[in-house]
Amino acid sequence: MRVRDVALEILQTAFRLIPWPTEPGLRPVGEPGPFSPVLVTGNYDLTVRRVLRALRGVDAWLVVAPAGGINVWCAAAGGHLSTHQVVTALKTSGVEDRVRHRRAILPQLAATGVEAREVSRRCRWRVRFGPVYAKDIPGYLAGGERKTDAMRHVRFGLVERLEMAAAWAAPTAIVTGAVGALLRPSFAPPLVALSLLLAVALFFVYDRLPGPRRLLFGGAALAVSLAAVALAGGGLLAFAMAAVAVVLLVAVLTFDYPGTTPIEGASFFEQRHWRITLDRERCKGVYSCWEVCPEACYEKREGVRQVDLAHDQRCVRCGACVVQCPMDALSFEDEQGRRVEPATIRRYKLNMMGRRAVEADGERPPA
Amino acid sequence: MSSLALMRWLESAPHRYDAGMRWLTLGRVSRVHAAVAEAAAAKPEVRILEIGCGTGAITALLVERGARVTALDQNPEMLEQARARLAAAPPGAVTWIERTASEIDALPAAGFDAAVAGLCLSEMSAGERAFVLRELALRLRPGGALVAADEVQPRSTGQRLLHALLRGPQAALAWLIAGSTSHPIRDLAGEVAAAGFEVRSERRWLLGRLAVVVAERPR
(Lines give C-alpha, C1' and ligand atoms only; values in the text may rest on other atoms or scores of the structure.)
Protein backbone atom coordinates (compact mmCIF):
# COMPACT_ATOMS: atom_id res chain seq x y z
CA MET A 1 0.00 0.00 0.00
CA ARG A 2 2.81 2.41 0.91
CA VAL A 3 4.68 1.58 -2.31
CA ARG A 4 1.52 2.11 -4.33
CA ASP A 5 1.00 5.46 -2.59
CA VAL A 6 4.49 6.67 -3.41
CA ALA A 7 4.21 5.48 -7.00
CA LEU A 8 0.86 7.24 -7.43
CA GLU A 9 2.22 10.40 -5.84
CA ILE A 10 5.09 10.52 -8.32
CA LEU A 11 2.92 9.62 -11.31
CA GLN A 12 0.23 12.15 -10.43
CA THR A 13 2.73 14.89 -9.68
CA ALA A 14 4.41 14.35 -13.03
CA PHE A 15 1.12 14.20 -14.92
CA ARG A 16 -1.03 16.52 -12.87
CA LEU A 17 -2.13 18.42 -15.96
CA ILE A 18 -4.58 15.62 -16.69
CA PRO A 19 -7.49 14.74 -14.40
CA TRP A 20 -7.06 11.97 -11.83
CA PRO A 21 -10.58 11.30 -10.66
CA THR A 22 -11.40 9.19 -7.65
CA GLU A 23 -14.85 7.88 -6.70
CA PRO A 24 -16.92 10.56 -4.93
CA GLY A 25 -18.53 9.64 -1.64
CA LEU A 26 -17.99 9.47 2.10
CA ARG A 27 -14.65 8.43 3.62
CA PRO A 28 -14.47 7.95 7.40
CA VAL A 29 -11.11 9.15 8.72
CA GLY A 30 -9.93 7.54 11.99
CA GLU A 31 -12.91 6.69 14.16
CA PRO A 32 -15.41 9.47 13.55
CA GLY A 33 -18.63 9.85 15.53
CA PRO A 34 -21.84 11.83 15.15
CA PHE A 35 -20.18 15.07 16.27
CA SER A 36 -16.90 14.71 14.35
CA PRO A 37 -16.09 17.45 11.85
CA VAL A 38 -17.23 17.06 8.25
CA LEU A 39 -14.66 18.05 5.64
CA VAL A 40 -15.44 18.38 1.95
CA THR A 41 -13.03 18.23 -0.96
CA GLY A 42 -13.06 17.53 -4.71
CA ASN A 43 -12.51 14.10 -6.28
CA TYR A 44 -8.93 14.74 -7.38
CA ASP A 45 -7.08 11.62 -6.31
CA LEU A 46 -3.87 13.49 -5.49
CA THR A 47 -5.77 15.87 -3.21
CA VAL A 48 -7.84 13.17 -1.53
CA ARG A 49 -4.73 11.17 -0.69
CA ARG A 50 -2.97 14.27 0.61
CA VAL A 51 -5.95 15.20 2.76
CA LEU A 52 -6.15 11.67 4.17
CA ARG A 53 -2.42 11.78 4.90
CA ALA A 54 -2.71 15.16 6.58
CA LEU A 55 -5.58 13.91 8.73
CA ARG A 56 -3.68 11.05 10.36
CA GLY A 57 -4.61 11.02 14.03
CA VAL A 58 -7.77 13.06 13.42
CA ASP A 59 -11.30 11.63 13.60
CA ALA A 60 -13.41 13.20 10.88
CA TRP A 61 -15.73 12.56 7.95
CA LEU A 62 -14.35 13.35 4.53
CA VAL A 63 -16.97 13.98 1.85
CA VAL A 64 -15.47 13.71 -1.63
CA ALA A 65 -17.54 15.77 -4.06
CA PRO A 66 -17.62 15.14 -7.82
CA ALA A 67 -15.31 17.79 -9.29
CA GLY A 68 -14.13 16.43 -12.62
CA GLY A 69 -11.06 14.81 -11.07
CA ILE A 70 -9.10 18.05 -11.08
CA ASN A 71 -7.66 20.21 -8.31
CA VAL A 72 -9.93 22.23 -6.06
CA TRP A 73 -8.98 25.72 -7.25
CA CYS A 74 -9.30 25.00 -10.97
CA ALA A 75 -12.45 22.96 -10.40
CA ALA A 76 -14.04 25.74 -8.38
CA ALA A 77 -13.07 28.46 -10.84
CA GLY A 78 -14.22 26.36 -13.80
CA GLY A 79 -17.63 25.38 -12.41
CA HIS A 80 -16.71 21.73 -11.73
CA LEU A 81 -16.78 22.24 -7.96
CA SER A 82 -19.65 24.62 -7.40
CA THR A 83 -22.62 24.91 -5.08
CA HIS A 84 -24.28 22.12 -7.10
CA GLN A 85 -21.56 19.56 -6.53
CA VAL A 86 -21.26 20.36 -2.82
CA VAL A 87 -25.02 20.13 -2.31
CA THR A 88 -25.06 16.86 -4.25
CA ALA A 89 -22.20 15.39 -2.24
CA LEU A 90 -23.64 16.42 1.13
CA LYS A 91 -27.04 15.00 0.24
CA THR A 92 -26.09 11.78 -1.54
CA SER A 93 -22.90 10.66 0.24
CA GLY A 94 -24.82 9.41 3.28
CA VAL A 95 -23.04 11.80 5.67
CA GLU A 96 -26.38 13.22 6.80
CA ASP A 97 -27.23 9.85 8.37
CA ARG A 98 -23.89 9.67 10.16
CA VAL A 99 -23.59 13.01 11.92
CA ARG A 100 -25.83 15.02 14.21
CA HIS A 101 -24.70 18.44 13.04
CA ARG A 102 -24.83 20.30 9.76
CA ARG A 103 -21.50 22.08 9.58
CA ALA A 104 -19.13 21.39 6.71
CA ILE A 105 -15.60 22.66 6.25
CA LEU A 106 -14.55 23.31 2.66
CA PRO A 107 -11.12 24.06 1.25
CA GLN A 108 -10.72 27.82 1.08
CA LEU A 109 -9.84 27.71 -2.61
CA ALA A 110 -13.33 26.34 -3.32
CA ALA A 111 -14.71 29.75 -2.37
CA THR A 112 -14.53 31.01 -5.95
CA GLY A 113 -17.03 28.35 -7.03
CA VAL A 114 -19.11 27.41 -4.00
CA GLU A 115 -21.58 29.93 -2.60
CA ALA A 116 -21.67 29.27 1.13
CA ARG A 117 -25.01 30.97 1.67
CA GLU A 118 -26.58 29.14 -1.26
CA VAL A 119 -25.46 25.74 0.09
CA SER A 120 -27.06 26.55 3.41
CA ARG A 121 -30.28 27.70 1.72
CA ARG A 122 -30.49 24.63 -0.46
CA CYS A 123 -29.55 21.82 1.91
CA ARG A 124 -29.30 23.40 5.35
CA TRP A 125 -25.61 22.73 5.76
CA ARG A 126 -23.54 25.60 7.13
CA VAL A 127 -20.37 25.91 5.12
CA ARG A 128 -17.11 27.37 6.37
CA PHE A 129 -13.97 27.80 4.35
CA GLY A 130 -11.07 26.12 6.10
CA PRO A 131 -7.37 26.40 5.29
CA VAL A 132 -5.95 26.58 1.77
CA TYR A 133 -3.63 23.63 2.35
CA ALA A 134 -4.61 20.18 3.63
CA LYS A 135 -1.65 20.00 5.98
CA ASP A 136 -3.06 22.93 7.98
CA ILE A 137 -6.38 21.16 8.67
CA PRO A 138 -5.35 19.47 11.98
CA GLY A 139 -4.08 22.80 13.33
CA TYR A 140 -7.22 24.54 12.16
CA LEU A 141 -9.46 21.96 13.88
CA ALA A 142 -7.38 21.99 17.06
CA GLY A 143 -7.46 25.78 17.15
CA GLY A 144 -11.25 25.98 17.30
CA GLU A 145 -11.68 26.27 13.53
CA ARG A 146 -9.83 29.54 13.33
CA LYS A 147 -7.46 30.28 10.48
CA THR A 148 -4.13 31.96 10.95
CA ASP A 149 -2.95 34.32 8.19
CA ALA A 150 -0.60 31.60 6.97
CA MET A 151 -3.52 29.16 6.57
CA ARG A 152 -5.36 31.68 4.43
CA HIS A 153 -2.75 32.54 1.82
CA VAL A 154 -1.41 30.64 -1.17
CA ARG A 155 2.31 30.12 -1.33
CA PHE A 156 4.57 29.79 -4.33
CA GLY A 157 7.70 28.57 -2.61
CA LEU A 158 10.30 25.97 -3.44
CA VAL A 159 7.99 22.96 -3.18
CA GLU A 160 5.12 24.51 -5.14
CA ARG A 161 7.50 25.71 -7.86
CA LEU A 162 9.10 22.27 -8.15
CA GLU A 163 5.68 20.64 -8.37
CA MET A 164 4.60 22.91 -11.22
CA ALA A 165 7.95 22.41 -12.97
CA ALA A 166 7.51 18.63 -12.71
CA ALA A 167 4.00 18.85 -14.09
CA TRP A 168 5.25 20.57 -17.23
CA ALA A 169 8.65 18.87 -17.46
CA ALA A 170 7.27 15.32 -17.63
CA PRO A 171 4.92 15.66 -20.62
CA THR A 172 7.21 17.99 -22.59
CA ALA A 173 10.21 15.70 -22.00
CA ILE A 174 8.25 12.71 -23.26
CA VAL A 175 7.16 14.51 -26.42
CA THR A 176 10.53 16.08 -27.26
CA GLY A 177 12.35 12.84 -26.38
CA ALA A 178 10.08 10.83 -28.68
CA VAL A 179 10.35 13.31 -31.55
CA GLY A 180 14.15 13.52 -31.12
CA ALA A 181 14.51 9.74 -31.04
CA LEU A 182 12.51 9.46 -34.25
CA LEU A 183 14.86 11.85 -36.04
CA ARG A 184 18.12 10.56 -34.61
CA PRO A 185 18.47 8.51 -31.37
CA SER A 186 21.36 10.66 -30.10
CA PHE A 187 19.05 13.72 -30.09
CA ALA A 188 16.72 12.28 -27.48
CA PRO A 189 18.83 12.74 -24.30
CA PRO A 190 19.74 16.42 -24.90
CA LEU A 191 16.13 17.24 -25.85
CA VAL A 192 14.82 15.57 -22.71
CA ALA A 193 17.40 17.48 -20.66
CA LEU A 194 16.40 20.72 -22.39
CA SER A 195 12.73 20.14 -21.55
CA LEU A 196 13.46 19.44 -17.91
CA LEU A 197 15.79 22.42 -17.52
CA LEU A 198 13.44 24.84 -19.27
CA ALA A 199 10.48 23.78 -17.13
CA VAL A 200 12.46 24.17 -13.92
CA ALA A 201 14.00 27.48 -15.03
CA LEU A 202 10.58 28.81 -15.98
CA PHE A 203 9.01 28.26 -12.59
CA PHE A 204 11.98 29.71 -10.74
CA VAL A 205 12.79 32.83 -12.76
CA TYR A 206 9.84 33.76 -14.97
CA ASP A 207 7.84 35.68 -12.37
CA ARG A 208 10.95 37.68 -11.51
CA LEU A 209 11.76 38.75 -15.08
CA PRO A 210 11.01 42.31 -16.16
CA GLY A 211 9.33 43.65 -19.30
CA PRO A 212 9.02 41.42 -22.35
CA ARG A 213 9.70 38.34 -20.28
CA ARG A 214 8.80 35.77 -22.93
CA LEU A 215 11.41 37.33 -25.25
CA LEU A 216 14.02 37.49 -22.50
CA PHE A 217 13.39 33.94 -21.35
CA GLY A 218 13.24 32.53 -24.88
CA GLY A 219 16.32 34.46 -25.97
CA ALA A 220 18.38 33.26 -23.03
CA ALA A 221 17.21 29.67 -23.54
CA LEU A 222 18.11 29.84 -27.24
CA ALA A 223 21.56 31.30 -26.57
CA VAL A 224 22.39 28.68 -23.93
CA SER A 225 21.09 25.81 -26.06
CA LEU A 226 22.97 26.85 -29.18
CA ALA A 227 26.14 27.34 -27.14
CA ALA A 228 25.71 23.81 -25.73
CA VAL A 229 25.27 22.38 -29.25
CA ALA A 230 28.42 24.23 -30.40
CA LEU A 231 30.42 22.93 -27.42
CA ALA A 232 29.27 19.40 -28.17
CA GLY A 233 30.36 19.85 -31.78
CA GLY A 234 26.89 19.38 -33.22
CA GLY A 235 26.16 19.62 -36.92
CA LEU A 236 23.71 21.83 -38.77
CA LEU A 237 20.81 19.47 -38.04
CA ALA A 238 21.56 19.60 -34.30
CA PHE A 239 21.55 23.43 -34.35
CA ALA A 240 18.26 23.50 -36.26
CA MET A 241 16.71 20.91 -33.93
CA ALA A 242 17.81 22.82 -30.82
CA ALA A 243 16.48 26.12 -32.16
CA VAL A 244 13.10 24.67 -33.15
CA ALA A 245 12.82 22.81 -29.83
CA VAL A 246 13.57 25.92 -27.76
CA VAL A 247 11.09 28.08 -29.65
CA LEU A 248 8.33 25.49 -29.42
CA LEU A 249 9.03 24.61 -25.80
CA VAL A 250 9.09 28.24 -24.68
CA ALA A 251 5.86 28.88 -26.57
CA VAL A 252 4.15 25.89 -24.95
CA LEU A 253 5.55 26.44 -21.46
CA THR A 254 4.78 30.16 -21.27
CA PHE A 255 1.40 29.81 -23.03
CA ASP A 256 -0.61 29.48 -19.84
CA TYR A 257 2.07 30.35 -17.31
CA PRO A 258 -0.13 32.77 -15.34
CA GLY A 259 -2.88 30.16 -15.17
CA THR A 260 -0.46 27.55 -13.84
CA THR A 261 0.84 29.66 -10.98
CA PRO A 262 -1.13 30.80 -7.95
CA ILE A 263 0.31 34.30 -8.12
CA GLU A 264 -0.88 35.55 -11.51
CA GLY A 265 -4.37 35.60 -13.04
CA ALA A 266 -4.88 33.81 -16.33
CA SER A 267 -4.25 36.44 -18.91
CA PHE A 268 -5.29 35.76 -22.47
CA PHE A 269 -8.16 38.08 -22.79
CA GLU A 270 -9.34 41.58 -22.20
CA GLN A 271 -10.50 40.28 -18.83
CA ARG A 272 -6.93 40.49 -17.58
CA HIS A 273 -7.57 44.23 -17.29
CA TRP A 274 -10.50 43.73 -14.94
CA ARG A 275 -9.90 45.37 -11.58
CA ILE A 276 -11.44 44.35 -8.29
CA THR A 277 -13.32 47.27 -6.76
CA LEU A 278 -14.85 47.81 -3.34
CA ASP A 279 -18.02 49.81 -2.82
CA ARG A 280 -17.33 51.31 0.60
CA GLU A 281 -20.99 52.29 1.02
CA ARG A 282 -22.06 48.65 0.91
CA CYS A 283 -19.27 47.19 3.06
CA LYS A 284 -20.64 46.24 6.48
CA GLY A 285 -17.61 44.42 7.80
CA VAL A 286 -18.71 40.82 7.21
CA TYR A 287 -15.06 40.10 6.35
CA SER A 288 -15.91 37.15 4.06
CA CYS A 289 -13.55 38.66 1.45
CA TRP A 290 -10.74 38.88 3.98
CA GLU A 291 -11.50 35.30 4.99
CA VAL A 292 -11.37 33.78 1.48
CA CYS A 293 -8.84 35.94 -0.41
CA PRO A 294 -5.86 33.66 -1.09
CA GLU A 295 -3.63 36.60 -2.04
CA ALA A 296 -4.06 38.75 1.10
CA CYS A 297 -5.53 41.69 -0.83
CA TYR A 298 -7.74 42.76 2.07
CA GLU A 299 -7.07 44.29 5.47
CA LYS A 300 -9.51 44.92 8.28
CA ARG A 301 -9.87 48.63 8.94
CA GLU A 302 -8.98 49.99 12.34
CA GLY A 303 -11.82 51.21 14.50
CA VAL A 304 -14.62 50.52 12.02
CA ARG A 305 -16.23 47.33 10.76
CA GLN A 306 -15.07 47.56 7.15
CA VAL A 307 -12.30 46.21 4.95
CA ASP A 308 -9.68 48.02 2.96
CA LEU A 309 -8.72 46.76 -0.49
CA ALA A 310 -5.17 47.46 0.58
CA HIS A 311 -3.26 45.31 -1.89
CA ASP A 312 -5.38 45.08 -5.04
CA GLN A 313 -2.24 44.73 -7.17
CA ARG A 314 -1.96 41.16 -5.86
CA CYS A 315 -5.43 40.20 -7.12
CA VAL A 316 -5.51 37.23 -9.52
CA ARG A 317 -9.22 37.78 -10.33
CA CYS A 318 -10.30 34.43 -8.90
CA GLY A 319 -13.53 36.12 -7.83
CA ALA A 320 -13.84 34.35 -4.46
CA CYS A 321 -14.43 37.63 -2.60
CA VAL A 322 -17.06 38.77 -5.11
CA VAL A 323 -18.86 35.41 -4.91
CA GLN A 324 -18.97 35.32 -1.09
CA CYS A 325 -19.76 38.95 -0.19
CA PRO A 326 -23.37 38.99 1.11
CA MET A 327 -23.57 42.77 0.61
CA ASP A 328 -22.50 42.67 -3.07
CA ALA A 329 -19.92 45.27 -2.12
CA LEU A 330 -17.28 43.81 -4.42
CA SER A 331 -17.26 43.62 -8.19
CA PHE A 332 -14.95 43.70 -11.15
CA GLU A 333 -14.54 46.74 -13.35
CA ASP A 334 -13.08 46.74 -16.85
CA GLU A 335 -10.72 49.28 -18.40
CA GLN A 336 -13.63 51.52 -19.38
CA GLY A 337 -14.92 51.47 -15.82
CA ARG A 338 -17.90 49.21 -16.66
CA ARG A 339 -19.05 47.09 -13.72
CA VAL A 340 -19.39 43.29 -13.87
CA GLU A 341 -22.17 42.40 -11.48
CA PRO A 342 -21.50 39.90 -8.66
CA ALA A 343 -24.46 37.82 -9.90
CA THR A 344 -22.66 37.45 -13.24
CA ILE A 345 -19.44 36.32 -11.57
CA ARG A 346 -21.38 33.79 -9.48
CA ARG A 347 -23.09 32.43 -12.57
CA TYR A 348 -20.44 32.30 -15.26
CA LYS A 349 -17.28 30.38 -14.49
CA LEU A 350 -13.90 30.42 -16.19
CA ASN A 351 -13.19 28.21 -19.18
CA MET A 352 -9.97 26.25 -19.53
CA MET A 353 -8.13 29.35 -20.73
CA GLY A 354 -9.23 31.41 -17.77
CA ARG A 355 -11.90 33.36 -19.61
CA ARG A 356 -15.40 34.03 -18.39
CA ALA A 357 -18.18 33.79 -20.96
CA VAL A 358 -19.26 37.34 -20.18
CA GLU A 359 -18.35 40.84 -21.24
CA ALA A 360 -17.95 43.70 -18.82
CA ASP A 361 -21.54 44.85 -19.03
CA GLY A 362 -22.71 41.41 -17.99
CA GLU A 363 -23.98 40.57 -21.48
CA ARG A 364 -23.18 37.18 -22.92
CA PRO A 365 -20.99 37.39 -26.02
CA PRO A 366 -22.44 35.83 -29.18
CA ALA A 367 -21.87 32.08 -29.19
CA MET B 1 -16.56 7.05 -34.43
CA SER B 2 -19.78 7.31 -32.54
CA SER B 3 -18.99 6.61 -28.97
CA LEU B 4 -20.41 9.03 -26.47
CA ALA B 5 -17.10 9.76 -24.81
CA LEU B 6 -16.96 13.15 -26.49
CA MET B 7 -20.30 14.05 -24.95
CA ARG B 8 -18.45 15.70 -22.08
CA TRP B 9 -16.73 18.08 -24.44
CA LEU B 10 -20.03 19.03 -25.99
CA GLU B 11 -21.42 19.74 -22.55
CA SER B 12 -18.73 22.35 -22.03
CA ALA B 13 -20.16 24.20 -25.04
CA PRO B 14 -23.96 24.17 -24.89
CA HIS B 15 -24.36 26.02 -28.20
CA ARG B 16 -22.84 23.17 -30.15
CA TYR B 17 -24.26 20.37 -27.99
CA ASP B 18 -27.20 19.37 -30.15
CA ALA B 19 -25.40 19.27 -33.48
CA GLY B 20 -22.48 17.47 -31.85
CA MET B 21 -24.68 14.82 -30.28
CA ARG B 22 -26.34 14.08 -33.62
CA TRP B 23 -22.92 13.64 -35.16
CA LEU B 24 -21.60 11.47 -32.31
CA THR B 25 -24.54 9.11 -32.42
CA LEU B 26 -24.88 9.02 -36.21
CA GLY B 27 -28.29 10.60 -35.85
CA ARG B 28 -29.52 7.90 -33.46
CA VAL B 29 -29.95 10.38 -30.64
CA SER B 30 -33.09 11.79 -32.28
CA ARG B 31 -34.61 8.32 -32.38
CA VAL B 32 -33.72 7.75 -28.75
CA HIS B 33 -35.30 11.09 -27.81
CA ALA B 34 -38.45 10.16 -29.71
CA ALA B 35 -38.61 6.75 -28.00
CA VAL B 36 -38.19 8.39 -24.59
CA ALA B 37 -40.92 10.96 -25.26
CA GLU B 38 -43.28 8.31 -26.58
CA ALA B 39 -42.84 6.14 -23.49
CA ALA B 40 -43.07 9.00 -20.98
CA ALA B 41 -45.90 11.03 -22.51
CA ALA B 42 -48.20 8.28 -23.78
CA LYS B 43 -51.22 10.42 -22.95
CA PRO B 44 -51.60 14.21 -23.08
CA GLU B 45 -51.69 16.28 -19.89
CA VAL B 46 -49.33 13.98 -17.97
CA ARG B 47 -47.11 15.63 -15.37
CA ILE B 48 -43.49 14.78 -16.10
CA LEU B 49 -40.36 15.34 -14.02
CA GLU B 50 -37.29 15.55 -16.24
CA ILE B 51 -33.83 15.58 -14.67
CA GLY B 52 -30.76 16.75 -16.59
CA CYS B 53 -32.88 18.32 -19.33
CA GLY B 54 -29.81 19.93 -20.95
CA THR B 55 -30.71 21.89 -24.06
CA GLY B 56 -34.32 20.69 -23.85
CA ALA B 57 -34.34 18.28 -26.80
CA ILE B 58 -36.53 15.74 -24.97
CA THR B 59 -38.45 18.47 -23.13
CA ALA B 60 -39.59 19.87 -26.47
CA LEU B 61 -40.89 16.48 -27.64
CA LEU B 62 -42.71 15.97 -24.34
CA VAL B 63 -44.38 19.37 -24.60
CA GLU B 64 -45.32 18.64 -28.23
CA ARG B 65 -47.16 15.58 -26.94
CA GLY B 66 -49.12 17.74 -24.53
CA ALA B 67 -47.25 16.98 -21.32
CA ARG B 68 -46.60 19.44 -18.50
CA VAL B 69 -42.92 19.22 -17.68
CA THR B 70 -40.86 20.19 -14.66
CA ALA B 71 -37.36 20.26 -16.13
CA LEU B 72 -34.20 20.43 -14.02
CA ASP B 73 -30.65 21.10 -15.04
CA GLN B 74 -27.74 22.36 -12.96
CA ASN B 75 -26.06 24.09 -15.88
CA PRO B 76 -27.39 27.63 -16.42
CA GLU B 77 -25.98 27.81 -19.94
CA MET B 78 -27.70 24.57 -20.96
CA LEU B 79 -30.94 25.94 -19.51
CA GLU B 80 -30.55 29.12 -21.55
CA GLN B 81 -30.45 27.00 -24.71
CA ALA B 82 -33.45 25.01 -23.50
CA ARG B 83 -35.49 28.13 -22.71
CA ALA B 84 -34.73 29.52 -26.16
CA ARG B 85 -35.73 26.23 -27.81
CA LEU B 86 -39.07 26.22 -25.99
CA ALA B 87 -39.74 29.95 -26.18
CA ALA B 88 -42.92 29.27 -28.16
CA ALA B 89 -44.25 26.57 -25.80
CA PRO B 90 -47.71 27.19 -24.31
CA PRO B 91 -47.58 29.09 -21.03
CA GLY B 92 -47.27 26.78 -18.03
CA ALA B 93 -46.14 23.84 -20.15
CA VAL B 94 -42.62 23.85 -18.72
CA THR B 95 -41.23 24.85 -15.34
CA TRP B 96 -37.46 25.28 -15.52
CA ILE B 97 -35.49 24.67 -12.35
CA GLU B 98 -31.77 25.32 -12.08
CA ARG B 99 -30.95 22.56 -9.63
CA THR B 100 -29.10 19.27 -9.42
CA ALA B 101 -30.96 15.99 -9.64
CA SER B 102 -30.11 15.35 -5.97
CA GLU B 103 -32.46 18.18 -5.04
CA ILE B 104 -35.66 16.62 -6.40
CA ASP B 105 -36.53 15.65 -2.82
CA ALA B 106 -37.79 19.23 -2.47
CA LEU B 107 -40.50 18.50 -5.08
CA PRO B 108 -43.89 17.07 -4.04
CA ALA B 109 -43.97 13.34 -3.23
CA ALA B 110 -46.01 11.31 -5.71
CA GLY B 111 -46.50 14.53 -7.66
CA PHE B 112 -45.67 13.22 -11.13
CA ASP B 113 -47.07 10.70 -13.59
CA ALA B 114 -43.73 10.04 -15.24
CA ALA B 115 -40.03 10.79 -14.85
CA VAL B 116 -37.41 11.19 -17.55
CA ALA B 117 -33.63 10.95 -17.27
CA GLY B 118 -31.95 11.50 -20.64
CA LEU B 119 -28.19 10.89 -20.76
CA CYS B 120 -27.60 12.29 -17.30
CA LEU B 121 -27.46 9.27 -14.97
CA SER B 122 -24.10 8.24 -16.45
CA GLU B 123 -22.62 11.55 -15.35
CA MET B 124 -23.31 10.77 -11.73
CA SER B 125 -21.25 8.75 -9.31
CA ALA B 126 -22.77 5.39 -8.33
CA GLY B 127 -23.84 6.70 -4.92
CA GLU B 128 -25.43 9.79 -6.39
CA ARG B 129 -27.27 7.72 -9.00
CA ALA B 130 -28.69 5.37 -6.36
CA PHE B 131 -29.92 8.36 -4.34
CA VAL B 132 -31.48 10.05 -7.36
CA LEU B 133 -33.21 6.87 -8.59
CA ARG B 134 -34.70 6.27 -5.12
CA GLU B 135 -35.89 9.88 -4.98
CA LEU B 136 -37.36 9.62 -8.49
CA ALA B 137 -39.42 6.65 -7.33
CA LEU B 138 -40.78 8.74 -4.45
CA ARG B 139 -41.71 11.65 -6.75
CA LEU B 140 -43.84 9.35 -8.95
CA ARG B 141 -47.40 8.35 -8.21
CA PRO B 142 -47.84 4.58 -7.80
CA GLY B 143 -47.89 3.15 -11.31
CA GLY B 144 -45.94 6.13 -12.66
CA ALA B 145 -43.29 5.45 -15.30
CA LEU B 146 -39.55 6.12 -15.27
CA VAL B 147 -37.90 6.41 -18.67
CA ALA B 148 -34.10 6.45 -18.51
CA ALA B 149 -31.90 6.72 -21.59
CA ASP B 150 -28.15 6.45 -21.22
CA GLU B 151 -24.80 5.20 -22.39
CA VAL B 152 -24.40 1.62 -21.20
CA GLN B 153 -21.92 -1.19 -21.56
CA PRO B 154 -22.91 -3.62 -24.32
CA ARG B 155 -24.07 -7.06 -23.23
CA SER B 156 -22.20 -9.40 -25.53
CA THR B 157 -18.44 -9.88 -25.31
CA GLY B 158 -18.03 -9.20 -29.03
CA GLN B 159 -19.89 -5.92 -28.79
CA ARG B 160 -17.92 -4.95 -25.68
CA LEU B 161 -14.64 -5.55 -27.51
CA LEU B 162 -15.78 -3.54 -30.50
CA HIS B 163 -17.00 -0.85 -28.15
CA ALA B 164 -13.65 -0.66 -26.37
CA LEU B 165 -11.84 -0.36 -29.69
CA LEU B 166 -14.12 2.40 -30.95
CA ARG B 167 -14.35 4.20 -27.65
CA GLY B 168 -10.70 4.20 -26.59
CA PRO B 169 -9.40 6.89 -28.96
CA GLN B 170 -12.46 9.06 -28.42
CA ALA B 171 -12.24 8.77 -24.67
CA ALA B 172 -8.58 9.82 -24.90
CA LEU B 173 -9.49 12.77 -27.09
CA ALA B 174 -12.33 13.82 -24.79
CA TRP B 175 -9.97 13.52 -21.85
CA LEU B 176 -7.49 15.82 -23.57
CA ILE B 177 -10.03 18.38 -24.72
CA ALA B 178 -12.55 18.44 -21.91
CA GLY B 179 -10.56 16.85 -19.11
CA SER B 180 -13.24 14.25 -18.62
CA THR B 181 -15.11 11.54 -20.37
CA SER B 182 -18.42 9.77 -19.96
CA HIS B 183 -18.81 6.63 -17.88
CA PRO B 184 -21.08 4.02 -19.45
CA ILE B 185 -23.34 2.39 -16.88
CA ARG B 186 -22.71 -1.32 -16.42
CA ASP B 187 -26.26 -2.33 -15.49
CA LEU B 188 -28.78 0.48 -15.88
CA ALA B 189 -31.85 -1.77 -15.65
CA GLY B 190 -30.41 -3.46 -12.55
CA GLU B 191 -29.81 -0.13 -10.82
CA VAL B 192 -33.30 1.03 -11.70
CA ALA B 193 -34.74 -2.18 -10.23
CA ALA B 194 -32.58 -1.81 -7.11
CA ALA B 195 -34.16 1.61 -6.51
CA GLY B 196 -37.58 -0.03 -6.19
CA PHE B 197 -38.86 0.12 -9.77
CA GLU B 198 -40.31 -2.72 -11.81
CA VAL B 199 -38.47 -2.76 -15.13
CA ARG B 200 -40.92 -3.10 -18.04
CA SER B 201 -38.64 -2.96 -21.07
CA GLU B 202 -35.14 -2.17 -22.27
CA ARG B 203 -34.31 -1.18 -25.86
CA ARG B 204 -30.81 -0.70 -27.18
CA TRP B 205 -29.27 1.31 -30.00
CA LEU B 206 -25.79 1.85 -31.44
CA LEU B 207 -24.45 -1.69 -31.09
CA GLY B 208 -25.97 -2.00 -27.67
CA ARG B 209 -24.32 1.09 -26.24
CA LEU B 210 -27.32 3.35 -25.84
CA ALA B 211 -30.18 1.98 -23.77
CA VAL B 212 -33.70 3.14 -23.01
CA VAL B 213 -35.09 1.55 -19.87
CA VAL B 214 -38.78 1.89 -19.09
CA ALA B 215 -39.79 1.05 -15.52
CA GLU B 216 -42.75 1.55 -13.24
CA ARG B 217 -43.22 2.53 -9.62
CA PRO B 218 -45.11 -0.44 -8.11
CA ARG B 219 -48.74 0.28 -7.30
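Every heavy atom of this structure was used, including side-chain atoms; hydrogens, water molecules and symmetry mates were not. The chains referred to below are lettered A, B, ... by the order of the sequence lines, with proteins before strands, and numbering in each begins at 1.
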Q: Ala126(B) versus chain A, heavy atoms under 4.5 Å apart: side chain, backbone, both or neither?
A: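 Backbone plus side chain of Ala126(B), per the 4.5 Å heavy-atom cut-off to chain A.
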Q: Verify the neighbour count for atom CZ of Arg126(A): are there more than 12 heavy atoms of other residues, nucleotides or ligands below 6.0 Å?
A: no
Q: From Arg347(A) CZ over to Glu80(B) CD, what is the distance, rounded to the nearest 0.5 angstrom?
A: 6.0 Å
Q: Could you tell me the separation between the CE atom of Met124(B) and the OG1 atom of Thr92(A), rounded to the nearest 0.5 Å?
A: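 Rounded to the nearest 0.5 Å, the CE-OG1 separation comes out at 9.5 Å.
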Q: At their closest point, which heavy atom of Gln74(B) faces which heavy atom of His84(A), and how far apart are they?
A: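 Closest heavy-atom pair between Gln74(B) and His84(A): O-NE2, 2.7 Å.
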Q: Please tell me if the side chains of Glu128(B) and Pro24(A) come closer than 4.5 Å, counting only heavy atoms from C-beta onward.
A: no
Q: Do any of residues 99-114 of chain B come closer than 4.5 Å to chain A, heavy atom to heavy atom, and if so which ones, in number order?
A: Arg99(B), Thr100(B), Ser102(B), Glu103(B), Asp105(B)
Q: Is any residue of residues 131-145 of chain B within less than 4.5 Å of chain A by heavy atoms, and which ones?
A: Phe131(B)
